[in-house]
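To find a chain, count down the sequence lines: A is the first, B the second, and so on, and within it residues start at 1. All heavy atoms count here, side chains included; hydrogens, waters and symmetry mates do not.
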Protein chains: 2
Amino acid sequence: MQTSIVENAQAQNAFKALADPTRRNILLRLSVEDLTIAELTQHFPMTRAAVKKHLLILEQGQLISVRVNGREKINHLEATGFKDAQAWMSYFDQFWDSKLMALNMAIANQQIQND
Amino acid sequence: MQTSIVENAQAQNAFKALADPTRRNILLRLSVEDLTIAELTQHFPMTRAAVKKHLLILEQGQLISVRVNGREKINHLEATGFKDAQAWMSYFDQFWDSKLMALNMAIANQQIQND
DNA sequence: TTAATACGATACCTTTTGGTATCTCTTTTG
DNA sequence: CAAAAGAGATACCAAAAGGTATCGTATTAA
């Protein structure tokens, strides 16, 4: 009765940030152009405070970065978090090719730390 | 003040399932071998009921499938959910190559439905 | 056939999450 | 300078999430 598998704090923050549909929509918006909090809020049915909270979580997941410009905060898409999540998922790609199944087992057994 | 971007229900279920560290650990376990609920529970510091709840969410995200064998339920890794999440994220890959930035804007503007 | 095993279902509890409202601070702008 | 605009901080609330305990059902094994 123990957790025993290596967990990556960065991947956790990225996946957590990606789990909310509003946050994923924010990322799509920011893929078009950098936007301030007020500008982003115009596109969502919620208050600026709520959008700001989502932006904080996206920042913690390193999916966006924030640049200060006077009284404005400009939100910008960031690669790091995407790459963290993609890297975690890429481990599983091998399992969809049945030819590699035998090799899989050896690698998988190394990724998992037994208790 | 409106949500305006296309959202995919499958991607939502997959990302939601991936957001929890216990569930990601379950997926790693299942990458080694198919396991019953009871077998999985041995590796985690929680009750069978809790593990079962996680398995339901993983199934809804199409990250696993369940096969009945007598009184046992055997949990098996499934590609669909992974591919859903990876497909959603792959849209952003283009933004990390600055050479493609000009092309980006045109594509992005099509992906987003204006209000 | 009786008992143990594997699991499902339900009710319940606590913490987290997603949201609001309100007040304050800083930076622009007229 | 005064006022408006952009954003931070805090308190608060309802719902969802993650967990437990308990009881019931079906399947296997002694």
Could you tell me the separation between the CG atom of Leu55(A) and the P atom of dG18(C), rounded to a whole number of Å?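 Checked: the CG to P distance equals 13 Å.
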
Using whole Å, what does the distance between atom C1' of nucleotide dA6(C) and atom NZ of Lys52(B) come to?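 Rounded to the whole Å, the gap is 12 Å.
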
Between protein and nucleotides 20-30 of chain C, map the contacts as a letter string: B base, S sugar-phosphate only, - none, heavy atoms under 4.0 Å, written 5' to 3'. BB-----BS--

Test side-chain contact (heavy atoms from CB on, under 4.5 Å) applied to [X] - qualifying residues, sequence neighbours left out:
X        : result
Arg71(B) : none
Lys83(A) : Ala79(A), Trp96(B)
Ala87(B) : none
Ala38(A) : Thr36(A)

Ring pair (Phe, Tyr, Trp, His ring centres under 6.0 Å) contacts in which one or both residues fall within residues 8-41 of chain A, not counting sequence neighbours: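 Output for this query lists Phe15(A)-Trp88(A).
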
Starting at the 5' end of DNA chain C and moving along, which residue's nearest nucleotide shows up first, Lys73(B) or Ile57(A)?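 Comparing both residues, the 5'-ward one is Lys73(B).
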
Please figure out whether Ala19(A) or Ile37(B) has its closest DNA chain C nucleotide nearer the 5' end. Ile37(B)

Respond yes when some side-chain nitrogen or oxygen of His54(A) is under 4.0 Å from OP1 or OP2 of dT17(C), and no when none is.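 It does not, given that no N or O in the side chain of His54(A) lies less than 4.0 Å from OP1 or OP2 of dT17(C).
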
With Gln86(A), which residues qualify under side chain to side chain donor-acceptor pair (under 3.5 Å), at least two apart? Asp93(B)

Distance-only donor-acceptor hits, side chain of residues 60-68 of chain A, under 3.5 Å, sequence neighbours excluded:
unit_1: Gln62(A); atom_1: OE1; unit_2: Gln10(A); atom_2: NE2; d: 2.4
unit_1: Ser65(A); atom_1: OG; unit_2: Glu78(A); atom_2: OE1; d: 2.8

Minimum-distance pair of heavy atoms, taken over all atoms of Asp84(A) and Ala14(A):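 That would be CB-CB, 4.5 Å.
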
Taking any atom closer than 4.0 angstrom to a non-hydrogen atom of chain B, what span of DNA chain D does the protein reach, first nucleotide to last?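 Counting from the 5' end, contacts occupy dA17(D) to dT28(D).
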
